[in-house]
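Here the structure is laid out as structure tokens; the discussion comes afterwards.
Chain letters run A, B, ... following the sequence lines, proteins first and then strands; every chain starts at 1.
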Number of protein chains: 2
Amino acid sequence: MGIPERKNREKQALRERILGAARRIVMREGFGALSMRKIADAIEYSPATLYLHFASRDDIARALCEEGYAQLLASFAPAAHIEDPRERLHALARAYVAFGREHPQTYRLIFMEDPSYTGAALRSAQQNGELDEAGDAAFRMLTDALDALKASDRIPADADSAVWAEALWATLHGIVALSLTCPVFPLAPLETVVDTAFNAWFGAPSTSRGGKPVDVAPAMRPSVTAARARKRKAPSS
Amino acid sequence: MGIPERKNREKQALRERILGAARRIVMREGFGALSMRKIADAIEYSPATLYLHFASRDDIARALCEEGYAQLLASFAPAAHIEDPRERLHALARAYVAFGREHPQTYRLIFMEDPSYTGAALRSAQQNGELDEAGDAAFRMLTDALDALKASDRIPADADSAVWAEALWATLHGIVALSLTCPVFPLAPLETVVDTAFNAWFGAPSTSRGGKPVDVAPAMRPSVTAARARKRKAPSS
DNA sequence: GTCTATAAAGTGATAGAC
DNA sequence: GTCTATCACTTTATAGAC
């Protein structure tokens, strides 16, 4: 029974060639420039052949989104091992923004083009694990870190981790998306903006190792987070 | 010399009809569905005529962006009169998000489509005033409020208002943009996300004020599948 | 100024031969 | 499984008649 397996492998291989060519076109010319003919030309097959592997151009776009999203998740891996939740979150934030800047067309395709594309990417990430409420792994990385921060009293005790995670994600998306589309954003270095937002959310990093964050201005009214942000300025990187 | 003036008026009037038709198409079907032919059909002129008024489809798109951006700025006006800088900022934030949600296609066109469109919108707003560095009026509304907060010690003294303003804008853009493109965002009510982000930035609202406390219903998150069920139409711009 | 007519170049997708 | 050939459109933009 080796022949059907070989045929299957060959079919799979062509599928990969199609996706590879499509990915290269998107990276170089943007998703708008992706057409079935262009892909076919690139791999030296006829356009009709593509339809043996993908039902439509949208189908190819969604497959690219799944790939890209997996790549984004993979870029979080180094951060996952950082013990301190604040540092971990910061590393995640930097990784997220870095991915968007390094793969602008891919990021656009996944998160700025079409809801069905974004949906395909997100769904692909949770189709293997059990489908609990919170959903995908990356989101849980955020909520876990936020829970840890809450447990160690570094964000307000009544903070809803899920909502904070959503808002935090939106912030990072906003920084990436705006920097990809708005010619005058950011004026300040991108990392300064990221760090400014991060410090506004979670306060300036604690100065002394192991020490609890210093209470600087006990008389101020704003919440713990805002009060802690009072400490210092944003470093780049 | 009244005749040239009348002709000029008539020419201007047709220009407005073109833009009006274009705007309606974008609002109803999205920018992707905007074509010269469709505009021409809508106003019962030939496609060729459009080129007497606009050099290209991009040119029309940019004009729409300028209109839309002016509309966005206008929606800030009520907030401008609020005295307390924190309340003012909060009202601005809500107005920004409301505009994006109420005119999704217009918001997309201005801020999520093409850098040249975004640039056209931003440039149009400052072409009358003096062109100082900070740029447009809306941005200055942010920095002014932030400066006031800093003066009354409600944000860190060393905060760079310009950078904070950029980061804050990015946060709001992220919330709007993600909610327009990501099927599962937000799970929590949109206003909860906005308020959560706002309170993370500026602390919980002043205690004795009638304002709403931060976190409302931590447990009411709808399930992912439920959130996914709602499909995305193209409502009004 | 506005029209008709058309150029020139795409597009996604499919039928049917091999 | 892959091809050729093609359908049935779409698009922006322009030339030249009136």
Side-chain angles (χ1 to χ4, degrees), chain A residues 2-26 28-65 109 113-114 116-117 120, chain B residues 1-26 28-65 109 113-114 116-117 120 234:
Chain A
I3 292 171
E5 268 102 354
R6 174 182 55 84
K7 294 217 168 173
N8 220 313
R9 274 200 310 276
E10 283 170 3
K11 176 154 185 165
Q12 201 61 24
L14 183 48
R15 188 192 151 94
E16 290 308 317
R17 289 196 61 197
I18 293 170
L19 283 181
R23 189 172 49 240
R24 279 188 292 277
I25 292 167
V26 168
R28 281 205 302 266
E29 311 172 52
F31 172 64
L34 183 70
S35 77
M36 301 301 268
R37 288 175 133 77
K38 231 180 239 178
I39 299 171
D41 282 355
I43 61 171
E44 298 176 296
Y45 275 77
S46 88
T49 300
L50 305 193
Y51 290 93
L52 276 307
H53 296 81
F54 296 94
S56 68
R57 175 177 176 268
D58 272 6
D59 215 38
I60 293 180
R62 280 188 283 267
L64 288 180
C65 284
L109 179 60
E113 209 68 48
D114 188 299
S116 99
Y117 299 169
Chain B
M1 284 267 198
I3 290 171
E5 268 102 355
R6 174 182 56 82
K7 295 217 166 177
N8 221 313
R9 274 200 310 277
E10 284 171 0
K11 175 154 185 162
Q12 201 61 24
L14 183 49
R15 189 192 150 94
E16 289 307 319
R17 289 196 62 197
I18 293 170
L19 282 181
R23 189 171 49 240
R24 279 188 292 278
I25 292 166
V26 168
R28 280 205 301 268
E29 311 173 51
F31 172 65
L34 182 71
S35 78
M36 301 302 265
R37 288 173 126 81
K38 230 180 241 179
I39 300 171
D41 283 354
I43 60 172
E44 298 175 296
Y45 275 77
S46 89
T49 301
L50 305 193
Y51 290 94
L52 276 307
H53 298 263
F54 295 94
S56 68
R57 176 178 175 265
D58 272 8
D59 214 38
I60 294 180
R62 279 188 283 268
L64 288 180
C65 284
L109 178 60
E113 210 67 49
D114 189 298
S116 100
Y117 299 168

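Going from atom NZ of A:K38 over to atom C1' of C:dG12 covers 14 Å, rounded to whole Å. At whole-Å resolution of the value, CZ in B:F54 and P in D:dT14 are 16 Å apart. The CZ atom of B:R15 sits 14 Å away from the P atom of C:dT2 (whole-angstrom rounding). If you take NZ of A:K7 and P of D:dG1, they are 7 Å apart, rounded to a whole angstrom. Protein atom OH of B:Y51 is 4 Å distant from nucleotide atom P of D:dA13, rounded to whole Å. Whole-Å rounding puts the A:R9 CZ to D:dG1 P distance at 14 Å. Rounded to a whole Å, the CD atom of B:E29 is 13 Å from the P atom of D:dT10. In this structure, the NE2 atom of A:H53 is 10 Å from the C1' atom of D:dT2, given to the nearest Å.
Here the closest heavy-atom approach between residue A:M36 and residue A:L50 is recorded as O-CD1, 3.3 Å. Taking all atoms of both residues into account, the shortest heavy-atom contact from A:A61 to A:Y117 is CB-CZ, 3.6 Å.
For A:Y45, taking side-chain heavy atoms from C-beta onward, the closest of the listed nucleotides D:dT12, C:dC3, D:dT2 is D:dT2. With D:dT14, C:dG1, C:dT14 as the candidates, the nucleotide lying closest to the side chain of B:K11 is C:dG1. Set against D:dA15, C:dA13, D:dT12, the side chain of B:S35 has D:dT12 as its closest nucleotide. In the set D:dT12, C:dA15, C:dG12, the nucleotide with an atom closest to the side chain of A:M36 is C:dG12.
By the neighbour-count criterion of 12 heavy atoms within 6.0 Å, atom CD of B:E44 is sparsely surrounded, having that number or fewer from other residues, nucleotides or ligands.
Shown here are the ring-ring contact (aromatic ring centres under 6.0 Å, His included) partners of B:Y45, two or more places apart in sequence or in another chain: there are none.
At C:dT4, none of the side-chain N or O atoms of B:S46 fall inside 4.0 Å of OP1 or OP2 (strictly under the cut-off). For D:dT2, the OP1/OP2 oxygens have no side-chain nitrogen or oxygen of A:T49 closer than 4.0 Å.
The pair A:R6-A:E10 counts as a salt bridge, with a side-chain nitrogen and a carboxylate oxygen less than 4.0 angstrom apart.
Side-chain N/O atoms of B:R37 and base N/O atoms of D:dT12 include a donor-acceptor pair closer than 3.5 Å.
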